[in-house]
Amino acid sequence: MDDPAAQNPDPDRPGGPRLKRLLPHAAPGSVEEIVAGFDLDGSADLDPTHPADRPRVILNMVSTADGHATLGGRSGPLSGPADRALFHALRLTVDAVMAGAATVRVERYGRIVPDASRRQTRIARGLREEPLACIVSGRLALEGEIPLLADPAAHVVILTPSSASLPAGAAAAEVDYIRTARDGQLDLVAALAELRVRFGVRTLLCEGGPHLNAQLLGAGLVDELFLSLAPLLAGGDFDGTPAHPNPAHPEALRILAGPLFSPPVALELLGVLEHDSGLFLRYAVRATQAGGVA
Ligand SMILES: NC(=O)c1ccc[n+]([C@@H]2O[C@H](COP(=O)([O-])OP(=O)(O)OC[C@H]3O[C@@H](n4cnc5c(N)ncnc54)[C@H](OP(=O)(O)O)[C@@H]3O)[C@@H](O)[C@H]2O)c1
């Protein structure tokens with residue numbers, strides 16, 4: 001998802017959005033209250049197949065009601081206050097946050113938890129001050145305009161099949177590498193296992209983008225999907241207009257890109273929230289092994 005920290009650094013303070021709890025039905029609550037009851041580490045038996053050899057992976061994405069994952073190349077225009085609050089609240093509950101390099105570049109990722117009082121909330125919950133920031137990249141073309149890498153307080157782990165590193169001096173952040181290549185391609189199963197063993201990551205929030213999502217789902221590595229359905233219809237086959245398509249993705253991006261899943265991945269609905277006509281759906285990914293791609 002878009003990194004909304006810059007748009008609204010503190011969207012869940014008193015007066016922040018209160019969401020209707022449609023399923024399971026309960027009184028409205030703030031996003032923080034609601035997310036605190038989510039049991040994202042799976043310890044309350046929501047998912048008896050909780051993996052022991054890799055982190056539990058939670059995918060968080062936003063789309064229009066007709067399936068666009070971007071407008072004009074960004075996900076920000078799809079996000080409202082409740083979606084932004086959910087985005088931040090989920091970050092407060094996990095050990096690590098991961099995104100593909102394109103998302104990190106396009107959305108100009110910054111510090112994962114920019115607000116000091118929210119970092120204290122994490123510490124009070126027994127978590128490290130900030131989630132580990134994980135970037136999946138082959139080319140390592142990450143230097144330059146990415147605030148996360150320029151932040152000396154950030155700890156970044158780059159998951160890559162490459163033996164190369166960022167150029168000396170390219171990052172002020174602490175940078176580690178997980179290098180798991182098989183036949184020259186990134187082995188995501190091994191990379192996630194290394195995240196678990198080497199960095200103690202039990203819960204991993206993946207924030208996209210669609211190319212990374214598809215690989216994770218295809219490899220059976222996603223346990224839950226949070227999908228925000230923005231009350232918007234974008235129409236069209238393009239991201240942008242036919243006359244001015246987004247040069248990075250002329251065709252409209254959906255939350256998954258790449259080959260078809262055959263059979264489709266099955267989801268089970270766990271929860272539905274509503275705010276201002278936006279729907280916030282929580283699914284368990286039941287058939288985690290997509291059965292190969294067509
Ligand atoms: N609606 C939403 O919730 C949402 C969420 C996130 C992003 N987005 C949008 O999605 C777009 C970006 O998504 P995307 O699907 O194009 O890209 P992406 O999945 O974020 O990143 C793709 C990049 O990740 C690296 N990568 C992925 N798989 C790899 C592998 N197996 N081995 C090595 N490197 C790998 C590569 O980086 P290198 O190029 O460095 O090798 C690749 O170019 C943006 O427009 C963003 O705004 C929307």
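Heavy atoms only: backbone and side chains are in, while hydrogens, waters and symmetry mates are out. Numbering of ligands and ligand atoms starts at 1, following listing order.
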- Go through the steps for Glu107 and Arg74 under the test salt bridge (charged side-chain N to carboxylate O under 4.0 Å, His left out), then give the verdict. CA-CA 7 Å; Glu107 307 291 358; Arg74 301 286 300 267; 2.8 Å; yes

- Message: Pair Glu224, Arg282 - check salt bridge (charged side-chain N to carboxylate O under 4.0 Å, His left out), show working.
- Response: CA-CA 7 Å; Glu224 283 197 31; Arg282 181 185 181 199; 2.7 Å; yes

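Ligand 1 places these atoms under 4.0 Å from at least one heavy atom of Glu107: 46 (C), 47 (O). Short contacts between ligand 1 and Leu212, defined as distances under 4.0 Å to a heavy atom of the residue, involve ligand atoms 19 (O). The atoms of ligand 1 that sit less than 4.0 Å from any heavy atom of Val62 are 1 (N), 2 (C), 3 (O). Below 4.0 Å from some heavy atom of Gln215 lie the following atoms of ligand 1, by number and element: 27 (C), 28 (N), 29 (C), 30 (C), 31 (N). Ligand 1 places these atoms under 4.0 Å from at least one heavy atom of Gly100: 18 (P), 20 (O), 21 (O), 24 (O). Ligand 1 places these atoms under 4.0 Å from at least one heavy atom of Glu207: 5 (C), 6 (C). The Pro210 neighbourhood of ligand 1 comprises atoms 10 (O), 13 (O), 14 (P), 15 (O), with distances under 4.0 Å to a heavy atom of that residue. Per-residue contacts place Arg139 under 4.0 angstrom from the following atoms of ligand 1 (heavy atoms of the residue considered): 38 (P), 39 (O), 40 (O), 41 (O).
Nearest approach of Thr93 to Ala89, heavy atoms of both residues: CG2-O, 3.5 Å. Nearest heavy-atom pair across Ala82 and Pro17 is CA-CG, 3.8 Å.
Summarising the contacts of atom 37 (O) of ligand 1 with Gly76, Ala181, Ala101, Ala219, the nearest heavy atom is found in Ala101. When the heavy atoms of Gly209, Ala102, Gly258 are ranked by distance to atom 21 (O) of ligand 1, first place goes to Ala102. Atom 36 (C) of ligand 1 has its nearest heavy-atom neighbour, among Gly138, Pro77, Pro161, in Gly138. When the heavy-atom distances from atom 25 (C) of ligand 1 to Ile135, Leu142, Val136 are ranked, the shortest goes to Val136. Comparing heavy-atom distances from atom 32 (N) of ligand 1 across Leu71, Leu186, Leu227 singles out Leu186 as nearest.
There is a side-chain donor-acceptor pair under 3.5 Å between Arg179 and Ser165. Asp83 and His275 are not linked by any side-chain donor-acceptor pair at a separation below 3.5 angstrom, with hydrogens and angles left out of the test.
Remark: distances from the non-hydrogen atoms of Gln185 to ligand 1 are all 4.0 Å or more. Contact analysis puts Gly73 in contact with ligand 1, with a non-hydrogen atom separation below 4.0 angstrom.
The 12-atom threshold is not exceeded at CD of Glu251, counting heavy atoms of other residues, nucleotides or ligands nearer than 6.0 Å.
Distances between N or O atoms of Ser63 and those of ligand 1 include no value under 3.5 Å. In terms of polar-atom proximity, Ser137 is counted as a contact of ligand 1, with an N or O under 3.5 Å from an N or O of the ligand.
Within the 3.5 Å criterion, the main-chain N or O of Leu188 finds no donor-acceptor partner in the side chain of Arg182. Side chain of Asp66 to backbone of Gly235: a donor-acceptor contact under 3.5 angstrom is found.
Each of Ile158, Leu159, Val156 was compared with Cys134 under the side chain to side chain contact (heavy atoms under 4.5 Å, CB included) criterion, and only Leu159 meets it.
Note: Phe226 and Phe38 have tilted aromatic rings, judged against thresholds of 30 and 60 degrees for the angle between ring planes.
Of all the heavy atoms of Met61, the ones lying under 4.0 Å from any atom of ligand 1 are found in both the backbone and the side chain. Only the side chain of Leu253 comes within contact range of ligand 1, with a heavy atom under 4.0 Å; no backbone atom does. Contact annotation for His68 and ligand 1: no heavy atom of the residue comes within less than 4.0 Å of the ligand.
For the pair Asp223 and Arg54, the salt-bridge criterion is met [side-chain N within less than 4.0 Å of a carboxylate O].
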